[in-house]
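To keep things clear, I will list the structure first and then write my remarks on it.
Reckoned from all heavy atoms, side chains included, excluding hydrogens, waters and symmetry mates. Lettering follows sequence order; numbering is per chain, from 1.
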Number of protein chains: 2
Amino acid sequence: MDLLDNIAVLIHDAKLDIAMHMTKSLAPYDITPEQAFIIVLLNERDGLSQGEIAFALRKDKSSITRMIVSLETKGIMHRITNSYDRRYFKVSLTDKGKSLATNVIPCISGTIDVLETGFSLEEMNELRRLLIKMRDNMRK
Amino acid sequence: MDLLDNIAVLIHDAKLDIAMHMTKSLAPYDITPEQAFIIVLLNERDGLSQGEIAFALRKDKSSITRMIVSLETKGIMHRITNSYDRRYFKVSLTDKGKSLATNVIPCISGTIDVLETGFSLEEMNELRRLLIKMRDNMRK
DNA sequence: ACCCAATAGTTGATATATCAACTATTGGAA
DNA sequence: TTCCAATAGTTGATATATCAACTATTGGGT
C-alpha cells in the first residue's frame, strides 16, 4: 500500500482545494470559510445557541466561542442572554451581518457550482454514496 | 442549493473522520497524523530537505520548520546542514525515529484498510476518478 | 571580484482545532 | 429547601495552517 498516495490523501487534498477556493472567493469580504458557514447558518436559523451552532457545524464549542467573539467584535453578530435560561446565548446576525450574508452566500454556492461542473446526476449520486460509505467506515 | 449539506460538506466530514481515526490510532505513540506523515516520508526517502518535505506533503515550509523542530526536540529526527549548499538541511530519522516508523506505518495502513472496507475495486476506481475530477475543478 | 536575484529556511501574526479544566446556572432528588 | 449532577459557555495549552517579512546563502552576469 502506498502510504503517501491513497484515497485518504486524495480526500485530504480535495478538501484542501475546496477550502482554498472558498478562501479566495471570500477574501474580498475579509472573512474565512469557517466564519462564512456560521453566517450562513444564522441567516437560515436566527437565534441559535453557541452549542447548537457547534453541533450543526460539527465543531468544538470552544472554537465556536472564539469565532463568535471575533465576529461580534467585527459587528457581524451579537449575543443576547436567554432570559429563561441564563446559561444560554441567543446568537443573531446584526444588520451588517445580514447584509454580509447576501454577499457570502453566492461565494459558497459559487464554489459548489464549480465543484460540480461536468458531473452528471448519476456521478454526483455515486460520489455521495461512496463518501458516505467511507465516512461510516470511519465512524464504526 | 443546500449550503450546509452538500458535496463540499461531505468531503469535509469524510476528511475529518479519517483524521480522527488516525489520531486515535496514533495516540499510543504520542504523535499526530501530520507528524506521522513526515516520519513515513523520511522512512521511505531519507535525507530530504525541508522544502522537499513541504512539497511532498503539500504543506507550507513554515509549518514544516515548526513541526521538524518539534520532532527534533523529541529525538525523532535530526537535521544536518548540507555542506555543498549551506542553505539546506538534510533531515533524517534517528534510530528512535526509525523504530517509531515501524509502529506508525501499521496505524496509517490500518486506517486505510478500514476506510476501504466493503469497497469493490470498481468502486475504489470510480471514487478516485470522481475525486480527482472535483479536485481539478477547484484548481482551474 | 562584485552585486543582485533566487532560494532555503525562520519568525511573527492571525485563525482554527482539540482537549481538559474551569465558572455559572439550572433542575431535580432527597 | 438544599444540594448535586448536568448543561452552556469560557479559558488555557498545544498543534497546525497561511501569509508576509525577514536572514543567510548561493550562483550567475557583468
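For residues 83-92 of chain B, the set of pairs meeting the salt bridge (Lys or Arg N to Asp or Glu O under 4.0 Å) definition, not counting sequence neighbours, comprises D85(B)-R87(B). Screening residues 41-53 of chain A for salt bridge (Lys or Arg N to Asp or Glu O under 4.0 Å) gives no qualifying pairs among residues at least two apart or on separate chains. Pairs of residues two or more places apart, or lying in two chains, that qualify as salt bridge (Lys or Arg N to Asp or Glu O under 4.0 Å) and include a residue from residues 110-124 of chain B are R129(A)-E123(B), K133(A)-E123(B). The side-chain hydrogen bond (donor to acceptor under 3.5 Å, both in side chains) pairs that include a residue from residues 7-16 of chain B number zero, where partners must be two or more places apart or lie in different chains.
The hydrophobic cluster of Y88(A) has no other members, since no ILVMFWY side-chain heavy atom comes under 4.5 Å of it. Listed by chain and number, the hydrophobic cluster partners of M20(B) are L16(B), where partners are ILVMFWY side chains within reach of under 4.5 Å, directly or through others. In this structure, V69(B) stands alone, with no Ile, Leu, Val, Met, Phe, Trp or Tyr side-chain heavy atom under 4.5 Å from its own, directly or through other members.
The nucleotide range of DNA chain D contacted by chain A, defined by atoms under 4.0 angstrom from heavy atoms of the protein and reported 5' to 3', is dA6(D) to dT18(D).
Using a distance-only test at 3.5 Å, with no hydrogens or angles considered, no donor-acceptor pair links the side chain of K140(B) to the main chain of V114(A). A donor-acceptor pair under 3.5 Å is formed between the side chain of E72(A) and the backbone N or O of R79(A). One N or O on the side chain of S109(B) and one on the backbone of I105(B) form a donor-acceptor pair closer than 3.5 Å.
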Test side-chain contact (heavy atoms from CB on, under 4.5 Å) applied to F37(A) and M22(A), step by step: CA-CA 11 Å; F37(A) 279 107; M22(A) 284 186 187; 3.9 Å; yes

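Shown for residues 83-91 of chain B: residues whose heavy atoms fall under 4.0 angstrom of DNA chain D, namely D85(B), R86(B), R87(B). Non-hydrogen atoms lying under 4.0 Å from DNA chain C are contributed by S49(B), Q50(B), G51(B), K61(B), S62(B), T65(B), R66(B), R79(B), all within residues 46-82 of chain B. Sorted by residue number, the members of residues 6-44 of chain A with any non-hydrogen atom under 4.0 Å from DNA chain C read T32(A), E34(A), Q35(A).
Using Watson-Crick or G-U wobble geometry with both donor-acceptor distances under 3.5 Å, dT18(C) finds its partner in dA13(D).
Judged as a side-chain contact (heavy atoms from CB on, under 4.5 Å), and not counting sequence neighbours, the contacts of D2(A) are L4(A), D5(A).
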